[in-house]
Number of protein chains: 2
Amino acid sequence: MILSPVSEAHLDRAFAALADPVRRAIIARLSRGAATVNELAEPFEISKQAVSKHIQVLELAGLVSRTRDAQRRPVHLEAARLEAMTAWIDRYRLAAEQRFRSLDAVLERTTQPAIQADATTPITDKEQQS
Amino acid sequence: MILSPVSEAHLDRAFAALADPVRRAIIARLSRGAATVNELAEPFEISKQAVSKHIQVLELAGLVSRTRDAQRRPVHLEAARLEAMTAWIDRYRLAAEQRFRSLDAVLERTTQPAIQADATTPITDKEQQS
DNA sequence: CGTTTAATCAACGTATTAGTTGATCAAGGA
DNA sequence: TCCTTGATCAACTAATACGTTGATTAAACG
């Protein structure tokens, strides 16, 4: 699976886009299939124009795209951008968890030296990357 | 692995927190280990106060925590909240990809336009975006 | 004590955001 | 053609976000 590099500006917009409950609800809805602006606006109390703006925000973030069907403009989810977000998060989450497990091993070894029979866990060094 | 439920407000704050390149850089740095405000501020051109505010934003989002060590207040990454974010995204990303694969299968199966049983998924479209 | 170091608080300017209402455009259908 | 439908544009307001500088707290050190 090839993941195209996403610029910092793209990440800015993607994370900002999901920082709104209305937009997250739109994403959730679109995961079940494409929908028009009217359909997407229906569950909300806010105006249709406001929903249209939310969709523009999502589109600028690369999270959705639009096609044309007569006077309707169905909105589609772009899973690739969602994947780019999880890829960013996981990169650092997994590094931190790995580091945490290594630290755990060290603590266990130093506080109870007698019980320690397994020394296969790497202790030091792990850094680098931008 | 038990994932504690995260409120909508928490997701709001967590996604908003990552929608800033400075804060993402802080997260990246913390994935390699805890750091003080001064250490975190060093790579940036902005004032230390501004970095302090960024850390507060991350803390309010549950993405970092702070302990106390004399007059230093080391900042630690909270991987659990990062995981909650990927869990949210993956829920809908995987659903969409699943749906997409099913649609693919349908298209492959019916090279000739057979009876359309499900009208919720438009077939004639073409994705593209910058 | 007084000083240094680490960090936050307070007040402020500016930019961006989310919402509103009213007008407009664009594609069908009568 | 005129009318309806789907959606966007334009202008405006209120609230929030990001950065600044200057003052302040709090612990450690001499």
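What's counted below: heavy atoms across the whole structure, side chains too, no hydrogens, waters or symmetry copies.
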To the nearest Å, give me how far apart CG (B:L60) and C1' (D:dA17) are.
14 Å
Mind calculating the distance between NZ (B:K48) and C1' (D:dG19) to the nearest angstrom?
16 Å
Hey, could you give me the CG/CD distance between B:D20 and A:E8, rounded to the nearest 0.5 Å?
9.5 Å
With the side chain counted from C-beta on, respond yes when A:I27 and A:V64 share a heavy-atom pair under 4.5 Å apart, and no when they do not.
yes
Name of the residue among A:R72, A:Q56, A:H76 meeting side-chain contact (heavy atoms from CB on, under 4.5 Å) with A:R66:
A:Q56
Check every nucleotide of DNA chain C for an atom under 4.0 Å from a heavy-atom of chain A, then give the first and the last such nucleotide from 5' to 3'.
C:dA18 to C:dG28
Membership question, hydrophobic clusters at under 4.5 Å side-chain separation (ILVMFWY): are A:L18 and B:V6 in the same one?
yes
How many whole angstroms separate atom CD of A:Q49 from atom C1' of D:dA10?
11 Å
Hey, quick one: are A:I46 and A:V37 part of the same hydrophobic cluster, counting side-chain heavy atoms closer than 4.5 Å, chains of contacts allowed?
yes
Which residues in residues 35-47 of chain B have a heavy atom closer than 4.0 Å to any atom of DNA chain D?
B:I46, B:S47
In this structure, how many angstroms lie between the C1' atom of D:dT20 and the NZ atom of B:K53, rounded?
8 Å
What are the atom names and distances for every N/O pair under 3.5 Å that joins the protein to nucleotides 25-28 of chain D?
none

Is the backbone N or O of A:R73 less than 3.5 Å from a side-chain atom of A:R68, with the two atoms forming a donor-acceptor pair by type?
no
Hey, is the side chain of A:Q56 poking within less than 4.0 Å of OP1 or OP2 on D:dC9, counting only N and O atoms?
yes
